[in-house]
Every structure is written in structure tokens, then in C-alpha cells.
There are 2 protein chains.
Amino acid sequence: MAEPMAERKQAILRAVTDDYISTAEPVGSRTIARKYDMGISPATIRNEMADLEEEGYLEQPHASAGRIPSDKGYRFYVDALMLGRSISEVEKSRIRAEYGRRRDEIRSLVRATAKVLGEMSQYASVVVGPAVKGARIHHIQLVPLGSDSVLVVVVTSSGLVEHRLLAIEHSMTPADLDRLSAVLNDRLRGSTLADIRGRILRDLQIEVSAYASFLEDMFELLIDAVRSSDEDRVHIDGLMKLLAQPEFKEIEKARPILEFLESDGMVLSELSASSRGGGGRPEISIGSENSRDELRNCSIVSAPYGPGGRVIGAIAVVGPTRMDYSMVTALVGFVAERLSELLTRLDMHKSTE
Amino acid sequence: MAEPMAERKQAILRAVTDDYISTAEPVGSRTIARKYDMGISPATIRNEMADLEEEGYLEQPHASAGRIPSDKGYRFYVDALMLGRSISEVEKSRIRAEYGRRRDEIRSLVRATAKVLGEMSQYASVVVGPAVKGARIHHIQLVPLGSDSVLVVVVTSSGLVEHRLLAIEHSMTPADLDRLSAVLNDRLRGSTLADIRGRILRDLQIEVSAYASFLEDMFELLIDAVRSSDEDRVHIDGLMKLLAQPEFKEIEKARPILEFLESDGMVLSELSASSRGGGGRPEISIGSENSRDELRNCSIVSAPYGPGGRVIGAIAVVGPTRMDYSMVTALVGFVAERLSELLTRLDMHKSTE
DNA sequence: GATTAGCACTCTAGAGTCAGGAGTGCTAAT
DNA sequence: ATTAGCACTCCTGACTCTAGAGTGCTAATC
């Protein structure tokens, strides 16, 4: 058993998969003989297909229809059969153009990524931005807004800018705030927000005891910001594209997937699991391979990204199991790479100060 | 012509509409006689319904089915027939709770509004946040982030916080930036971003000529921020809820509406038109009353909001023409009012500085 | 021994038919 | 003016039937 699959059988499996991916119709022996001339008759192809079905690579929707790939068939296809494609120059420059303008702030970068992935893949796209939690503080600034409120701006080392308004009881002069900002920066730079809660806060409160309660409030706010910003990490696009796929014509088929995508929390846990793998090429999860049951009718192509090899988030494309793996893999790979590159450049700026 | 509709006819129209709204099935004379006992026989009801159809308030999907309200019928219903309902205390406190935590920043308020509207209405919700364009500058702050980049933070009088990273060529000390911040605040407070582009920029460049090119870059960035932030104004939620409605079971029916909602630009122009009306109670736009053709299969209930009577944005619920107008109108009204109230309070803080 | 032509068989999609049910419109009686 | 009665219409779902596609098997062929 487990002997390598014969050359010709592979060719047939590839043909069936290619054809089904592009037509969404079960494909029969006749079709293959006609479209992909491999010099053998439909009858021969039928025999091979019967074998492939027995081995679990193909299945029949009903007794007298053509064959379609099973999840196992798709798996073999992406691992061994699929012709690796790289995306065209036109597409590349399209992507670069999308990034051209907004190279400054990470959130708009993330959003642009979701948009370009959705539009170019014709499926749904997901981009998970960097977490605030655990990020190191790069800069913190208190901005006086009036007699009774202060804007707290925190910039993390990953380039994320968070801000919150804080009501204050006692008037503080701009000079006060500046001095406080300086102290805060001195003490907090490089710590994570989680760190702050404990030791550092206590130290600070002693040091600038006049502002003890102000600091208390401020950290409360920041902690809350961390919590709620996790929801903001997930950006979805191209839902409409997904719904345009024939497998989702009846909305019931799409509902589980849409519900999954609508729940930021689930997306987060799913994608951060898959992005641990790090490095290399995009990861492909096909139908029943997905850990969640509601995703057994779709496939996900994902890749982590981040500056200089560090992983801070992930991008993904979600489509039917009949998705164009070749195109999507190339696209996801290129975009993740491109995004990482941009972030690396941003990061360098920051470390050379 | 145009004599007032007889009492009983109105009762029948109301019954038909109520029933259709809750069952989504065409309703026949028999059903009405059974469910809403108004002491008359099905035959009488039939006669009245025939009249109502002739006058355009009802229509028949096909010759021997029950009746359903036409757009004109719904219009009469919402204007004259619908029993005004106010939302329950439970719901009110649910809404208040949603707002409880995040009273600080306008963007999270807007997002929370979209979420609560979607969940409680069971339809899609749209919230248009305040425009950056045209907003007055309340505060502007330059934050040094390293030797070669500066974070520009702008707070508008509507409470919107925008920020952008700016690469700089020549190193500027924190002190430089502080002085520059002070000058900028002095000169720009109260102007709109549009104003800046012209005269003020020139004056400033002369005054602090050392930073002329820096200022040029900065304003370039801000202008761009204004442009791109228009996209961010629109927040959608509850799309899934909309798709769960029986009229959208075949995705084709929903597509035009989804496409409309996905295009921020269209939503923006549509809603800002309707929010001009200002004040009072929610505006209801039914089916063919909508100016856009792709919306002829849905109804929109919208209301403007803003601090102290000023309109800065709008909220809306989008559902099938068979939507529960009574519930939605009450909900939209309450939420818009609540949101305006919160903003008014925020605004007062700001004007008492 | 592998390949292929031929053929019977199976299954689906779509068209046609039919009965049942819901609802109407009309008429005549109240 | 209202209503009971009834004929009529039209949809819905079940059933049947056919055409077409595709298979699997067998026997002939290379």
C-alpha cells in the first residue's frame, strides 16, 4: 500500500480538480478526454477515476454524475499537483499601488490589506492586526484638551496608536502635563501595558504622588483600551464576493461561515493558532481539516506577517473548498511578504532613534 | 376623491399590514376575520380589501393569494395607522448599558451604536459618524517619536481624534515641537481643515519659516486624512440579521442592498441627504420612495443626531419593506436621542474650558 | 495485459399532469 | 349594507415521464 500514485492518475486528478475549480460543475470522463488531451479514451479515464474514488480522492455527488475532488483530493492537489503560479506583474503593481499612499500608520495598512485581498481573490479576506496586549510602549503623551479633560496617546512599538479621553478633576496646566509625560515616558518606555499594572504603577504613584489618582484613572482606561482593542484587530472584506460563489447561492450554506467571520473572537483564536507556524509559505486548511465544524464547507489560506521575522498578525482568504488555491496561495504569499516588508521598514525607523 | 378613508377600512388595512409584518405571508379575508375579531364576515372584508386594492393600498402577489400592503399601503400605515409603541424599559436599559462604558471617544460610541441597533432591530444598521471635513480644530499636537518621525494628533471640536505619522528630514527636538505645537494651536484653533489650506498656511509658513517644508508636508498629510476618513465614517452592523429575513432567502434579492451597504460612498450621500431634515422623529423611507433604485425592495428608518441640536451624523436601520416600523421607529428615535444627549454632555465639557 | 468501443443501467433535471387547498369575486338572500 | 354560498382561479406539491449525462461492465482490439 501507499505506493506513489501513478503519473497518469495524478494527471487525471489534476485535470478533474482544475476543471471543477473553474466550472463548479462535476466533471465527467468525456469532458476530461475532450478538454485535456492526454491521448487516452474516456473509458480509460473512467477506470482511473473509479480507482481515485475508491482511494478517497474523488467523490460523486450522486450515482450518475461526474466526479468532484474530496477534501483529501484537494489536499493532494495542493501538496503535489497544483502548478505553482506567481501573480502577474499587473497584479503586483496593483498591490503596491494600494500600499503606496498609506505607508504611515499600521491600522490603515491593515485595512488596505483586507481590501486588496478581498478584491483580488474574489473571496472573503481576513486580516488580523497586531495586538495591543503585550505590545511594548514606545511613547506616551498627555495632551491637554481643556480644563477638565486630557487626551492620552499611546504609541506601541508595533506602530499602533491608541488614544483615550480622560476626564480630570483638578485642573492641570499644560506644563504639568508635559512634565508628567516626560516622567511617564522615562519610566514606561519598553514595558508592556500588562507590566504597568503591577510594580511600575506603584513606584510611579509614589514618585509623583500628587497625581496618584490621576494615574490610577489613566491606567484603568488603558487597561480597558487593551481589552476592547482586541475586537478591533479583525478586519473583514469581500463578504459579497464570497456570497457570489455558486456554492453559497442558498444562504443557508453560507450562514455558518458568515457567522464565524462576524465573530471577531472566533476569527482571532482560529487565526492566531494557525499563524504560530511562522515563516514560510501560506498555510492551507481545507474543509474538514478546519478545526471548527462550521468551516467544513470552506477552505482558508493564511499567512502570518510581521516586521523582521517576528509575527504580529495574520492575513487569510476564506473561500469555498473549490477555491483557486494556486491563485490564492500566490496572492496571500505576496501580500504577506509585502506587508512584512513595509513593517520592517517602519520598524527600522523606530529602532534607529 | 380624496375623501378620508372609512374607519373600518383603515382597521382592515392595519390588520393586513400588522399580520403581514409578523408572518411574511399574504393574508386573506378569512385570516383577518379569525384573528382580529372586528365583528364582520370574511365576505365583507373581501369587499373592503378589493376596494383597498383598487385604491392602491394593497396588492396581490397572484390572483388567488391573500393581500399584502403596497408601498403606498405601508406609507399610509406608518403615517396614520401604526400604533406608536415605545420601547420597553428592559430594552432601554440594555441600550444604556451598551453606552455605559465608552462614553469617552466618539468613534467607539458610533461603533457601539451600530452594534446595538443591529442586534435590537434584527435588521441591518448603519451609523454615519461625524465628518472630519469641515470640523473645527480643537487641538493639535506634535508628538516626537524618534529622530525621524513625528506623530501629528488632531482633535476636532466634535470629539474626533485623528492621527498620522509624519516622516521628517531634519531632526527636531521635543522642545522645537512643543513650541511649534503652541504656535499651531494658537493659530489654528477654531479653523476648519479646509480653511488651513489657503491663507493660514501661508501666514504660518512665513512666521515659522524654519519649518516651512515640515508644515507643507504636515498639511498634505492632514488633507489626505480628511479625504480618507470619509470612508471611515460609515459603520454597518447586523448584515446577518438582514439576510435571515425570508425576503432575502435567495441571495439575488439581497445583493443590490448589500452592495449599496458595502459602498461607503453611496451610504454617505444617501443618508446625509435624509439627515438634513434635522430634529424631530425618525424619517421613514419605504421601498420605491428611496431615491436609489437598488433600494426599492427595502425600507430605511433614519434619524440625525448631534450635540445640542446640531446635526453631525445619522443613524439608520435597513430592513425589508415588511419591517416592523413601529418597533424600529421607536428604537431609532430612542437611540438617536440617547446618542445626542451623550454628545451634548461631551460638548459642554469642551466649551467650558 | 492494457486500452477501448459498445451498451445497458442509473440518476438528475426539467416538463407535464393532476388533485387539493386557499382565496377570491359574484350573486342572491337576509 | 351585510353575508352565505358557490363557481372560479391560481398556486403548491406530488407524481410521472423523458432526455441527457455519465457510469460500470463486458468483450473486442492493439
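None of these values were measured; they are calculated from a predicted model. Values reported hereafter were calculated over all heavy atoms of this structure, with side chains retained and with hydrogens, waters and symmetry mates removed. Sequence lines set the chain letters: A, B, ... in the order given, protein chains first and strands last, and positions in each chain run from 1.
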Check: When we call it a touch if two heavy atoms are under 4.0 Å apart, what does A:A63 touch: a base, just sugar-phosphate, or nothing?
Finding: sugar-phosphate
Next item on the list: Starting from the 5' end of DNA chain D, give me the residue, B:R8 or B:H62, whose nearest nucleotide shows up first.
Entry: B:R8
Distance, rounded to the nearest Å, where [X] contributes [atom1] and [N] contributes [atom2]:
X     : N      : atom1 : atom2 : value
B:E48 : D:dT2  : CD    : C1'   : 11 Å
B:R46 : C:dC26 : CZ    : P     : 11 Å
B:R67 : C:dT24 : CZ    : P     : 5 Å
A:I45 : C:dA5  : CD1   : P     : 11 Å
B:L58 : C:dG23 : CG    : C1'   : 14 Å
A:L52 : D:dT23 : CG    : P     : 12 Å
B:E54 : C:dT24 : CD    : P     : 16 Å
A:N47 : D:dG22 : CG    : P     : 17 Å

Margin query: Check the phosphate of C:dT4 against A:T44, side-chain N and O only, distance under 4.0 Å to OP1 or OP2. Yes or no?
Written below: yes
Base-pairing assignment for [N] (Watson-Crick or G-U wobble, both under 3.5 Å):
N      : answer
C:dA2  : D:dT29
C:dT30 : D:dA1
D:dT16 : C:dA15

Notebook entry, point to check: Hey, what do you get for CZ (A:F76) to CG (A:L13), rounding to the nearest 0.5 Å?
Noted result: 7.0 Å
Notebook entry, point to check: Does B:S64 make a side-chain donor-acceptor contact with the base of D:dT9, cut-off 3.5 Å?
Noted result: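 Check passes, donor-acceptor contact within cut-off.
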Check: Do side-chain atoms of B:Y123 reach the backbone of B:E119 as a donor and acceptor pair under 3.5 angstrom?
Finding: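 No; zero donor-acceptor contacts below 3.5 Å.
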Item checked: Exam field: side chain B:E91 to backbone B:S88, donor-acceptor pair closer than 3.5 Å ->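 Such a contact is found between B:E91 side chain and B:S88 backbone.
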Check: Has B:K72 got its NZ or CZ under 6.0 Å from the middle of the six-membered ring of B:Y57, at an angle within 45 degrees of the ring axis?
Finding: yes
Check: From the list D:dG22, C:dG25, C:dG23, which nucleotide is the closest neighbour of the side chain of B:A50?
Finding: C:dG25
Notebook entry, point to check: Is any NZ, NE, NH1 or NH2 atom of the basic residue among A:E247 and A:K253 found under 4.0 Å from an Asp or Glu carboxylate oxygen of the other?
Noted result: no
